[in-house]
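The block underneath contains the structure these notes are about, expressed in structure tokens.
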Protein chains: 2
Amino acid sequence: MRTRDVNKENLIQEKAIEMIVKQGLDGFSMQKLAKAANVSPATLYIYYKDRDDLITQLATSVSNRLMETSLKGMHPKMSFADGLELQWKNRMEFFFKYPLDVEFIEQIRYMPTYDSVRDNIRKNFGDVLGKFVHNAINRGELQPLPFEVYWSMAFAPLYQLIKFHAQGNSPANASFRITDDMVKQTLELVIKALKP
Amino acid sequence: MRTRDVNKENLIQEKAIEMIVKQGLDGFSMQKLAKAANVSPATLYIYYKDRDDLITQLATSVSNRLMETSLKGMHPKMSFADGLELQWKNRMEFFFKYPLDVEFIEQIRYMPTYDSVRDNIRKNFGDVLGKFVHNAINRGELQPLPFEVYWSMAFAPLYQLIKFHAQGNSPANASFRITDDMVKQTLELVIKALKP
DNA sequence: TGCATAAGTGAATGAATATTCATTTATATT
DNA sequence: AATATAAATGAATATTCATTCACTTATGCA
């Protein structure tokens with residue numbers, strides 16, 4: 001039996017993400033991807049059922065890696081400030097290591113395709129995060145809030161900063177770059193907001 | 001001289017937004033749009049130079065309407081809490097009135113296409129918002145912060161809530177709906193964070 | 001060594017794509 | 001009413017698209 005070429009598999013994923021980030025989902029095609037990855041179009045259909053499946057699998061894989069990184073070193077009993085700081089640090093680390101991956105997720109996050117990915121995240125990581133938040137509330141380190149309110153305060157500002165950086169552009173500044181100080185400052189504001 | 005059919009023009013815009021929101025940018029085509037709007041494909045090229053121009057013009061128009069709504073009743077000397085609350089209220093009003101428009105913008109916000117739209121926003125509304133923030137800082141009602149940090153705290157949580165609502169889905173809840181209380185609560189957290 | 005089997009291919013197919021063009025239609029002005 | 005002119009059209013074009021299929025290639029195992 002012939003063996004699967006793992007390098008080829010990785011190259012396909014890499015090029016697909018690169019293409020989608022740089023040209024958008026509608027500038028992305030199976031034939032262009034095949035050419036970019038030095039592979040026959042038919043090969044793509046060995047790895048993926050169809051175009052939609054390719055995108056979903058890609059999103060699932062990247063999301064899982066991002067969530068795993070974000071929860072590295074987390075345990076549900078951590079203090080709220082420490083736990084949130086750790087998650088921010090982990091996410092920033094991931095962003096600087098794999099900026100295209102983050103942009104890729106941001107780009108497909110609001111598409112119908114992403115629904116199943118979200119379910120997957122909830123299933124795999126909802127437990128740890130749910131417990132962390134629950135414990136923090138019980139210890140009085142975090143206001144009791146609807147989860148959505150919590151999530152919107154806890155992470156949306158970070159992602160907005162990342163977006164500004166990724167597009168090198170903000171409402172006030174046409175060549176914006178994120179700094180560690182900025183992230184730290186924003187995190188402090190978030191913690192201030194969420195503490196009782 | 002034959003006169004331009006304004007209803008037709010509006011219908012085209014409406015259908016285009018509807019299609020892009022429901023099927024994504026890559027499920028959107030000129031021919032499908034023409035059919036949906038009961039128009040010849042060639043007619044679209046009277047209104048728009050090409051596909052890209054159509055999308056950019058659409059985004060610019062919607063963004064301007066959103067920003068106009070968001071600044072309704074604003075004057076730069078307003079107290080910080082009042083001004084931010086007014087902008088949140090205005091944005092929510094717009095969202096409930098034109099949910100598709102907001103989803104449309106969220107969907108193309110992270111694409112290369114959107115760059116010129118962002119420039120346009122900065123040019124048209126940067127002044128009012130800049131002055132509002134500046135005054136609030138001078139009066140000691142707002143921490144002096146890099147504009148990007150301010151913006152990330154001031155609006156990203158609201159948009160995250162809106163996204164949860166629009167997709168009827170959140171990390172914790174598979175059938176999420178926003179409530180006025182939630183928005184109010186989140187706004188209070190934001191103001192708490194941003195006050196000195 | 002050679003066989004079984006999955007990996008990988010290149011060319012082909014039919015459908016869908018963006019855009020154009022010669023033509024027709026409606027109306028504001030004369 | 002006649003005319004000028006921009007709006008609007010339907011059919012056509014060349015291109016690109018996702019997907020398939022008959023075929024070749026590489027390799028684990030017998």
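These values consider heavy atoms only, across backbone and side chains, with no hydrogens, waters or symmetry-generated copies.
Here salt bridge (charged side-chain N to carboxylate O under 4.0 Å, His left out) pairs that include residues 53-79 of chain A, with residues two or more places apart or in two chains, are A:Arg65-A:Asp101, A:Lys72-A:Glu93. Among residue pairs with one or both ends in residues 182-196 of chain A, none qualify as salt bridge (charged side-chain N to carboxylate O under 4.0 Å, His left out); sequence neighbours excluded. Listed by first and then second residue, the ring-ring contact (aromatic ring centres under 6.0 Å, His included) pairs that reach into residues 119-149 of chain A are A:Phe147-A:Tyr150, sequence neighbours excluded.
For A:Asp82, the side chain to side chain donor-acceptor pair (under 3.5 Å) test picks out A:Ser79, with sequence neighbours left out. Listed by chain and number, the residues in a side chain to side chain donor-acceptor pair (under 3.5 Å) with B:Asp50 amount to none (sequence neighbours excluded). Qualifying side chain to side chain donor-acceptor pair (under 3.5 Å) partners for B:Ser63, counting only residues two or more places apart in sequence or in other chains: B:Tyr114. Applying the side chain to side chain donor-acceptor pair (under 3.5 Å) criterion to A:Asp119, with sequence neighbours excluded, gives A:Arg122.
Residue-level contact check: B:Thr43 touches the bases, meaning some heavy atom is under 4.0 Å from a base atom. Nucleic acid contact class of A:Tyr47 (heavy atoms, under 4.0 Å, all strands): sugar-phosphate only.
Within residues 6-15 of chain A, the residues approached by DNA chain C to less than 4.0 Å at the level of any non-hydrogen atom are A:Lys8, in residue-number order.
Protein chain B contacts DNA chain C from C:dT17 to C:dA28, reading 5' to 3' and using non-hydrogen atoms of the protein with a distance under 4.0 Å.
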Can you give each donor-acceptor pair under 3.5 Å made by side-chain atoms of residues 152-160 of chain A, sequence neighbours left out, with the distance rounded to 0.1 Å?
{"residue": "A:Ser152", "atom": "OG", "partner": "A:Glu148", "partner atom": "O", "Å": "2.7"}
{"residue": "A:Tyr159", "atom": "OH", "partner": "A:Arg91", "partner atom": "NH1", "Å": "2.9"}

Residues 16-40 of chain B, side-chain donor-acceptor partners within the protein, below 3.5 Å, at least two apart:
{"residue": "B:Asp26", "atom": "OD2", "partner": "A:Arg51", "partner atom": "NH2", "Å": "2.2"}
{"residue": "B:Ser29", "atom": "OG", "partner": "B:Lys32", "partner atom": "N", "Å": "3.1"}
{"residue": "B:Lys32", "atom": "NZ", "partner": "B:Gly27", "partner atom": "O", "Å": "2.7"}
{"residue": "B:Ser40", "atom": "OG", "partner": "B:Ala42", "partner atom": "N", "Å": "3.1"}

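Rounding to whole angstrom units, CD1 of residue A:Ile46 and P of D:dT19 are separated by 15 Å. If you measure from atom CE of B:Met30 to atom P of D:dT9, you get 14 Å, rounded to the nearest angstrom. Rounded to an integer number of Å, the gap from B:Tyr48 OH to D:dA7 C1' is 15 Å. Taking atom CD of residue A:Gln31 and atom C1' of nucleotide D:dT20, one finds them 12 Å apart after rounding to whole Å. Following rounding to the nearest Å, A:Ile55 (CD1) and D:dA18 (C1') show an atom-to-atom distance of 12 Å. Taking atom CG of A:Leu44 as the reference point, atom P of D:dT19 lies 10 Å away to the nearest angstrom.
Formation of a donor-acceptor pair under 3.5 Å by the A:Thr186 side chain with backbone atoms of A:Met182 is found in this model.
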Pairwise N/O distances under 3.5 Å, protein to nucleotides 21-25 of chain D:
{"residue": "D:dT25", "atom": "O2", "partner": "A:Arg2", "partner atom": "NH1", "Å": "3.0"}

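Each of B:Pro41 and B:Thr3 was assigned the nucleotide of DNA chain C with the nearest heavy atom; the assignment lying further toward the 5' end belongs to B:Pro41.
Taking a 6.0 Å sphere around CG of A:Asn138, one finds it holds more than 12 heavy atoms contributed by other residues, nucleotides or ligands.
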